[in-house]
Structure formats: C-alpha cells, structure tokens
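Letters go in sequence order (proteins before strands), and every chain restarts at 1.
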Amino acid sequence: MKIYSWNVNSLNVRMPHLETWLGLRVPDVVALQETKLEDHRFPDTALSALGYRSVFVGQKTYNGVAILSREPAREVQIGVPGLEDEQRRVIAATVGELRIVNLYVVNGQDVGTDKYAYKLRWLDAVHAWIAQELQRYPQMIVLGDFNIAPDARDVYDPAVWNEDHILTSTAEREALQRLQALGLHDAYRLHPQAEGEFSWWDYRQAAFRRNLGLRIDLTLISDALRARCTAAGIDREPRTWDRPSDHAPAWVELAD
DNA sequence: ATGGTAGACTTTCTA
C-alpha cells in the first residue's frame, strides 16, 4: 500500500489537481496540510465520489489538515491532547492496522521570533504526545509538512540554510531528532535516493525551475513498520502543473 | 534594495 503526504496550500484552489492526481496515483492514504477550509466547506462529497473517505479539521485562511483513505478511518483525534492551540494543525486516525498522525508543523517565521518560540513549544507537546501514542499504537506513521529539513542533504544550499536559519536551525533539528529517537525513522532515508531531491520550492525567484528546494515534507515510520517499508520518494509531477502548490507529495510504500 | 510570489481577504498576514 502507498501512503502520501501533500501540503496543497488551499484545497479550494488545488481541488482540480487533487482530483487528477488521485486518479493517476490511486493512493491508499493521503495526509493533506494547509487545506485552509472551514469544515462545512470541505469537499467530502466530491472525494467520496472518487472513492475516498475523509476526516478533517480546518479553519478559514490558515492551516487545516485532513486524512483521505479508501478504507474508512477510525478513532479520529483532533489536535494534541492537553495542548491549547487555536490553530488546526493535527489530525490522527486509524486506517486498517495503521495509526496515521498528520502534522502541519508550525513554520516559525524566523529564528528568535515569537512564532519560532511557539514552534519549539509546539514540537515539545507533540513529542510528549507521540511518546504516549506509540505505546498504544506501535504501528504508527507520523507524516506531514514538518517545516524542518533534517540535514544538509535536504537543502539546495547548506551555507544559506544553516544552523541559524529557520527550517534548519539547531533547535529545530534537535526537536526532530528527539521525535525520531522515540523509534521513528525517516522513510526516505531508509532507501537509496538521488541527490538534490526536495519537496518544497518557494514560489519566488523561479525556485522550482532552478531546483532551489528543501525536503521538509517527511514520513516517519515506527520500528514495527520498518521491515515492511519497501520504498519511499517524492512525486514532483504535480509541482510542474499550472498553478501548483509550492509542495510536492512525499510517499512511502508498505508491503502487505 | 530587507527584495521575490501565491493565497486569503485585508489594505496586510503568512508562508
């Protein structure tokens, strides 16, 4: 089975892309971020006609996450338990035997800002929650837009995207490493990969054409799933389409 | 020279 994560940057704008792409790839599970839709506007009927069930939580203008699946999702969890957060960034659900945790991690704006402090606090709360969840759900996939590039291989220019820069700063990378230390593996790095593959390119400065990207959309799989993970990658194709999201889907394949 | 593009929806904020 194949599981994808895609930051669509407004599902309202990107629905035609999503519909075309679902038909091309026929994924089993899709985690969406930045839907930017209030729940009453979520296109669950249209997705249902394409063979996908949806669970979702959103808000106007910002944030918003969803899980689409061919099998119905169960045990839906909205947000991080105990974390006061008005921003709709987290949804988790069980699909088959898999616990799917979809994260739209805080961007953080710039190192040292209030938003950066919020990002680090938010990541701490997610860490504490995931540590508990792994006890309940050993077969776990934590995926989404992490807004953190794990290491120098994951940025087009490590001199620019360095230990003092947002998305690559030491504290952000340490927070990601602490999460992985719970027994979660970056599926992309479990397999041979070409150099210079990214999942996000800024809309500005013709960044996609010049491949000035970062790999910030990640799929972390738990120890219990590691042996089943047969491949992982990034689907650049929808980033080449007209009026694209600035992110490309990241995927993993699990053997049955 | 603190830029540039896109989205939501405001004369700006967020990414």
Task: All pairs passing salt bridge (Lys or Arg N to Asp or Glu O under 4.0 Å) where residues 141-151 of chain A contributes a residue, at least two apart - done: D151(A)-R153(A)

Task: R14(A) side chain near dA6(B) phosphate (N/O to OP1/OP2, under 4.0 Å) - done: no

Open item on the list: For residues 59-114 of chain A, which residue pairs pass the ring-ring contact (aromatic ring centres under 6.0 Å, His included) check, not counting sequence neighbours?
Closed with: none

Task: Protein-nucleotide distance (Q205(A), atom CD; dT5(B), atom P), rounded to Å - done: 9 Å

TODO: Round to the nearest Å and state the distance from R243(A) atom CZ to dT5(B) atom C1'.
DONE: 12 Å

Open item on the list: Can you classify the ring geometry of H165(A) versus W161(A) as parallel (below 30°), tilted (30 to 60°) or perpendicular (above 60°)?
Closed with: tilted

Task: Distance in angstrom units between W201(A) CH2 and dA6(B) C1', rounded - done: 16 Å

- [ ] Sugar-phosphate means primed atoms, P, OP1 and OP2; the rest is base. With that split, encode nucleotides 9-15 of chain B 5' to 3' as B, S or - using protein heavy atoms under 4.0 Å.
- [x] S---BSB

Task: Interatomic distance at P, dT2(B) relative to dT11(B), whole Å - done: 23 Å

TODO: Determine the interatomic distance between C1' on dG3(B) and the same-named atom on dA15(B); round to the nearest Å.
DONE: 16 Å

Open item on the list: Rounding to an integer number of angstrom, what distance separates dT14(B) and dC9(B) when you compare their P atoms?
Closed with: 14 Å

Task: Pairs flagged by side chain to side chain donor-acceptor pair (under 3.5 Å) wherever residues 189-200 of chain A is involved - sequence neighbours left out - done: D154(A)-R189(A), Y188(A)-E197(A), S199(A)-D217(A), W200(A)-D246(A)

TODO: Give every residue pair that meets the side chain to side chain donor-acceptor pair (under 3.5 Å) criterion with at least one member in residues 39-55 of chain A, sequence neighbours excluded.
DONE: Y52(A)-R70(A)

Task: Euclidean distance, atom CZ of residue R210(A) to atom C1' of dG4(B) [Å, nearest integer] - done: 11 Å

Task: Of all pairs that satisfy side chain to side chain donor-acceptor pair (under 3.5 Å), the ones with a partner from residues 9-18 of chain A, not counting sequence neighbours - done: N9(A)-K36(A), N9(A)-Y203(A)

